[in-house]
Colleague: 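So that we are looking at the same thing, I have put the structure below in structure tokens.
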Number of protein chains: 2
Amino acid sequence: MTAAEVAELAGTSVATVSLVVNGKTAGRVSQANIERVLSAVRELGYVVDHTASSLAKGTSNIVILVAPDLSNPFYGRVISGIKAELGSEYQLLLSVTGEGRNPSAADVHRLVALRPAGLLVEAPDDAFLRDLPAGAPLVLLDAPGRETQAPTVNFDLTSGISALLTHLAARGHTRIGYLDSLTRTETFELRRTLLERGAAAHGMDYVAIPEAASLIDPDGAAAAFAKYWPRWRDAGVTALVCATDSHAYGVLGKARELGVSVPGTLAVTGFDNLPASAIVSPALTTVELPGEALGRGAVRALMAQRDGSDEHADQDRPTGPGVAALAAAPLIGARLIVRDSA
Amino acid sequence: MTAAEVAELAGTSVATVSLVVNGKTAGRVSQANIERVLSAVRELGYVVDHTASSLAKGTSNIVILVAPDLSNPFYGRVISGIKAELGSEYQLLLSVTGEGRNPSAADVHRLVALRPAGLLVEAPDDAFLRDLPAGAPLVLLDAPGRETQAPTVNFDLTSGISALLTHLAARGHTRIGYLDSLTRTETFELRRTLLERGAAAHGMDYVAIPEAASLIDPDGAAAAFAKYWPRWRDAGVTALVCATDSHAYGVLGKARELGVSVPGTLAVTGFDNLPASAIVSPALTTVELPGEALGRGAVRALMAQRDGSDEHADQDRPTGPGVAALAAAPLIGARLIVRDSA
DNA sequence: CTGAAAGCGCTTACAG
DNA sequence: CTGAAAGCGCTTACAG
């Protein structure tokens with residue numbers, strides 16, 4: 001099924017078919033021809049070949065999301081948000097490396113060879129950003145501190161963590177620990193830093209055990225907790241902040257096994273507010289990170305970029321709405337959900 | 001960066017460049033030229049343009065996974081399995097509709113317009129299969145009963161549910177209920193059917209409330225449970241099988257709220273064995289469905305299909321290994337994990 | 001408003 | 001073993 005066959009049936013040229021199926025008829029195709037083509041398209045069930053179209057246009061309608069891992073249910077929400085905001089004009093291609101690894105330079109090039117309409121990169125590292133050839137519009141997700149390298153959409157961790165520390169201090173905790181994520185991305189570095197700096201401001205001590213970290217997975221977190229709990233306990237830690245809810249699940253499970261009472265002996269908190277967090281036992285106190293809003297925000301930033309450069313090209317205006325939208329990109333709110341575990 | 005530039009630098013034709021970068025040099029390119037091209041490729045950082053290559057070849061290296069929803073953490077595992085088995089030769093494109101809806105005919109055509117190397121479809125419905133234009137190699141996941149329509153990879157629900165019923169009967173239950181999924185796909189139909197038929201064989205009654213169903217999401221399940229619990233209770237139901245672990249989480253949460261003791265008053269079970277299921281309270285008894293193995297199996301079936309038709313084309317042999325592999329496609333084991341909730 | 005034609009960057013018979 | 005050339009199916013100036 002090709003445009004040539006449609007043209008044949010409609011009695012027009014393929015150029016006209018292309019104009020019609022792409023909706024570029026204004027002042028260029030007669031109403032009569034529009035209708036002929038449309039009816040031929042319907043009759044033959046014609047769909048524009050994406051590959052040929054992309055080659056001719058120089059760009060595809062594929063938007064690629066690069067994510068380090070998908071076993072964390074958190075990403076399901078991000079993807080929902082992206083899909084919802086993207087609409088049916090674009091296709092979402094997912095590139096995952098798994099196990100907290102980042103894509104290699106080869107992976108990056110393979111992605112760019114797809115001529116994507118946009119690249120959405122979750123928690124990129126330096127190597128990724130360095131290897132990335134120019135070309136595709138780029139938006140970073142969950143990459144605090146990289147705002148100068150590309151349009152970025154982030155959570156308002158400062159507020160969320162401040163609320164968490166206030167809550168912990170009010171419950172009488174004076175020494176807190178942190179179970180980190182092994183994926184050393186900015187968002188986790190920032191969580192740790194904010195905790196460390198904020199603790200003092202709230203009259204608490206931050207007991208640092210940098211090795212206490214695991215992948216985003218309850219089993220790994222459980223093992224890490226089993227290993228480091230004695231040190232935290234001996235240091236007087238009564239509240240353990242976990243890098244994600246998935247980490248917290250593992251801690252909760254292992255604590256039960258070890259007979260460590262939560263929140264009596266140890267308060268436990270997470271980040272994300274996954275659906276199961278209200279159901280685990282004890283129900284998890286956590287900083288909610290609305291993944292869907294993050295996904296939506298990322299797509300908006302992508303579109304702003306596209307529109308911005310369009311205007312730029314069309315009108316040679318250095319500060320189009322794209323640039324404005326970018327500068328104004330708001331942080332995604334992160335609020336504390338207090339339940340039973342802390 | 002094009003093949004022409006590489007050819008220029010290497011002092012060869014673009015045809016030779018193409019042969020080299022595609023590894024089709026055997027008996028066709030001299031060692032000297034191979035090295036010249038390779039070094040030019042390295043120097044220029046050349047990567048084959050995927051779009052142009054796909055157009056010329058007639059097929060891309062994109063494999064598309066069509067999934068109804070991604071908020072269910074279960075799919076994270078399926079995707080991991082697919083990625084792992086796919087290797088770096090192919091790219092995985094994800095197409096999601098969300099909220100348990102299936103892709104429309106328009107979506108389907110857009111997908112096929114990408115000329116995918118393969119289509120992996122999770123829980124397809126009739127409309128999808130009907131609208132699907134021939135062309136791309138197809139594998140169905142989680143589609144019991146559709147084995148005759150396309151190569152399919154399924155869980156061994158029969159064994160898993162039989163084990164579940166045996167366990168429930170041994171614990172003295174005589175009347176069981178089922179909280180269904182609203183996404184009316186084969187796998188859920190089959191779970192219900194096996195439960196209904198199997199109950200009698202295990203000396204139990206199946207109390208049918210067909211309307212008792214929700215999307216795969218704890219909140220929806222909680223609401224459904226709140227609504228139908230009185231009817232189940234009045235009918236003497238002491239064990240409630242939930243369509244997925246996510247459903248069960250909602251039931252557990254709501255039961256606690258309502259003061260329904262689990263498993264004392266009501267035993268609750270799920271399907272999937274998500275990471276959080278060991279941590280929820282009470283820990284969930286569930287039928288484990290290894291998503292990663294499902295993903296791997298699907299890719300193997302896809303490759304078998306590809307190899308099969310290759311051989312077929314090359315040697316005109318009606319029963320190549322592809323066909324054999326297909327017929328032998330084993331069910332993915334589903335085993336019962338007994339914890340505290342039932 | 002219309003169509004012939006060039007071009008997007010590759011791959012693959014084909015002739016040598 | 002090598003390269004010129006056709007072709008993949010579109011899109012987009014361009015001339016009319």
Side-chain angles (χ1 to χ4, degrees), chain A residues 1-37 40-41 44-62 109-110 112-117 133 135 313-314, chain B residues 1-37 40-41 44-62 109-110 112-117 133 135 313-314:
Chain A
M1 195 42 29
T2 68
E5 301 177 56
V6 175
E8 165 109 52
L9 179 60
T12 68
S13 67
V14 303
T16 299
V17 171
S18 175
L19 258 14
V20 172
V21 296
N22 285 297
K24 300 185 173 178
T25 55
R28 311 224 250 149
V29 184
S30 66
Q31 194 56 38
N33 267 350
I34 293 180
E35 275 154 24
R36 277 194 208 99
V37 169
V41 164
L44 299 175
Y46 170 71
V47 177
V48 178
D49 184 278
H50 180 263
T51 301
S53 171
S54 300
L55 180 58
K57 280 181 173 161
T59 178
S60 75
N61 68 3
I62 293 178
H109 282 105
R110 248 189 301 262
V112 175
L114 258 25
R115 304 188 176 203
D314 287 2
Chain B
M1 195 43 27
T2 67
E5 302 176 56
V6 175
E8 165 109 52
L9 179 60
T12 68
S13 68
V14 303
T16 299
V17 171
S18 175
L19 257 16
V20 172
V21 296
N22 286 297
K24 300 187 173 177
T25 54
R28 314 223 249 148
V29 184
S30 66
Q31 194 55 38
N33 268 350
I34 293 180
E35 275 154 25
R36 276 192 208 100
V37 169
V41 163
L44 299 175
Y46 171 72
V47 177
V48 179
D49 184 276
H50 180 262
T51 301
S53 171
S54 300
L55 180 58
K57 280 182 174 163
T59 178
S60 75
N61 67 4
I62 292 177
H109 282 104
R110 249 190 301 263
V112 174
L114 258 26
R115 304 186 176 204
D314 287 4

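The figures here come from the full heavy-atom set of this structure, side chains too, leaving out hydrogens, waters and symmetry mates. Numbered from 1 within each chain, the chains take letters A, B, ... in sequence-line order.
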Colleague: In this structure, how many angstroms lie between the C1' atom of C:dG9 and the CG atom of B:Asn22, rounded?
Modeller: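 Distance, rounded to whole Å: 13 Å.
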
Colleague: Does the structure show a Watson-Crick or G-U wobble partner for D:dA13, both distances under 3.5 Å? Name it, or say none.
Modeller: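 Looking at the geometry, D:dA13 pairs with no nucleotide.
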
Colleague: Between B:Gln31 and B:Lys57, who's closer to the 5' end of DNA chain D by nearest nucleotide?
Modeller: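 Looking at DNA chain D, the more 5' nearest nucleotide goes with B:Gln31.
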
Colleague: Taking for each residue the nucleotide of DNA chain C bearing the nearest heavy atom, is the 5' side occupied by B:Lys24 or by A:Arg115?
Modeller: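 Looking at the nearest nucleotide for each, A:Arg115 comes out on the 5' side.
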
Colleague: Between D:dC8, D:dT12, D:dT2, spot the one nearest the side chain of B:Ser30, thanks.
Modeller: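 Selected nucleotide (nearest to the side chain): D:dT2.
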
Colleague: When you measure from the side-chain N and O atoms of A:Ser53 to the phosphate of D:dT11, is any distance below 4.0 Å, counting only OP1 and OP2?
Modeller: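 Answer is yes, contact under 4.0 Å.
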
Colleague: Can you tell me if CD on A:Glu5 sees more than 12 non-hydrogen neighbours from other groups inside 6.0 Å?
Modeller: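 Buried by this count: over 12 neighbours within 6.0 Å.
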
Colleague: Does B:Tyr46 have a side-chain nitrogen or oxygen under 4.0 Å from the phosphate oxygens OP1 or OP2 of C:dG9?
Modeller: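 Looking at the OP1 and OP2 atoms of C:dG9, neither is under 4.0 Å from any side-chain N or O of B:Tyr46.
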
Colleague: Find the distance A:Leu55:CG to C:dT11:P and express it as a whole number of Å.
Modeller: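 Rounded to whole Å, this separation is 12 Å.
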
Colleague: Expressed in angstrom and rounded to an integer, what is the separation of A:Arg28 atom CZ from D:dA15 atom P?
Modeller: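 My rounded result for the distance is 15 Å.
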
Colleague: Counting heavy atoms from C-beta on, name the nucleotide in C:dC8, D:dG7, D:dG3 closest to the side chain of B:Ala56.
Modeller: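 When the side chain of B:Ala56 is considered, D:dG7 is the closest of C:dC8, D:dG7, D:dG3.
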
Colleague: Starting the side chain at C-beta, find the nucleotide from C:dG3, D:dT2, C:dT11 nearest to A:Thr16.
Modeller: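 Taking heavy atoms from C-beta onward, the closest nucleotide is C:dG3.
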
Colleague: Taking all heavy atoms of A:Ala4 and all of A:Val14, pick out the closest pair and write down the distance.
Modeller: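 Nearest heavy atoms, A:Ala4 then A:Val14: CA-CG1, 3.6 Å.
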
Colleague: Return the 5'-most residue of the pair B:Ala52, B:Thr25 with respect to DNA chain D, ranking by each residue's nearest nucleotide.
Modeller: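 Checking each residue's closest nucleotide, the 5'-ward one belongs to B:Thr25.
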
Colleague: Can you identify which nucleotide, out of C:dC10, D:dC10, C:dT2, has its nearest atom closest to the B:Asp49 side chain?
Modeller: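 The listed nucleotide nearest to B:Asp49's side chain is C:dC10.
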
Colleague: Where the side chain of B:Val14 is defined as all heavy atoms beyond and including C-beta, which of D:dG9, C:dT11, D:dT12 is the nearest nucleotide?
Modeller: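 It is C:dT11.
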
Colleague: Kindly compute the distance separating CG (B:Asn33) from CG (B:Leu19), expressed to the nearest 0.5 Å.
Modeller: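 Here the rounded value is 10.5 Å.
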
Colleague: From the list C:dC8, C:dT12, D:dC8, which nucleotide is the closest neighbour of the side chain of B:Ser18?
Modeller: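 Nucleotide nearest to B:Ser18's side chain: C:dT12.
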
Colleague: By nearest atom, which of the nucleotides D:dT11, C:dT2, C:dC10 is closest to the A:Val48 side chain?
Modeller: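 It is D:dT11.
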
Colleague: When you get a sec, tell me which of D:dC1, D:dC10, C:dA5 is the closest nucleotide to the side chain of A:Ala15?
Modeller: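 Ranking D:dC1, D:dC10, C:dA5 by closest atom to the A:Ala15 side chain puts C:dA5 first.
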
Colleague: Please pick, from C:dC10, C:dT11, D:dG3, the nucleotide with the shortest atom-to-atom distance to any side-chain atom of B:Thr12.
Modeller: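 Between C:dC10, C:dT11, D:dG3, the one nearest the side chain of B:Thr12 would be D:dG3.
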
Colleague: When the distance from CD of B:Glu5 to C1' of C:dC10 is rounded to whole Å, what number comes out?
Modeller: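 One finds 14 Å between C1' of C:dC10 and CD of B:Glu5, rounded.
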
Colleague: Indicate yes or no for a side-chain donor-acceptor contact from A:Ser60 to the backbone of A:Arg115 under 3.5 Å, with no hydrogens or angles considered.
Modeller: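 Answer holds: yes.
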
Colleague: Any side-chain N or O of B:Asn33 under 4.0 Å from OP1/OP2 of D:dT2?
Modeller: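 Indeed, a polar side-chain atom of B:Asn33 lies that close.
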
Colleague: Could you tell me the separation between the CE atom of A:Met1 and the C1' atom of D:dC8, rounded to a whole number of Å?
Modeller: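 Spelled out: CE on A:Met1 to C1' on D:dC8 is 16 Å.
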
Colleague: Compute whether any side-chain donor of one residue and acceptor of the other, for B:Ser13 and B:Thr16, lie under 3.5 angstrom apart.
Modeller: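 A donor-acceptor contact under 3.5 Å links the two side chains.
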
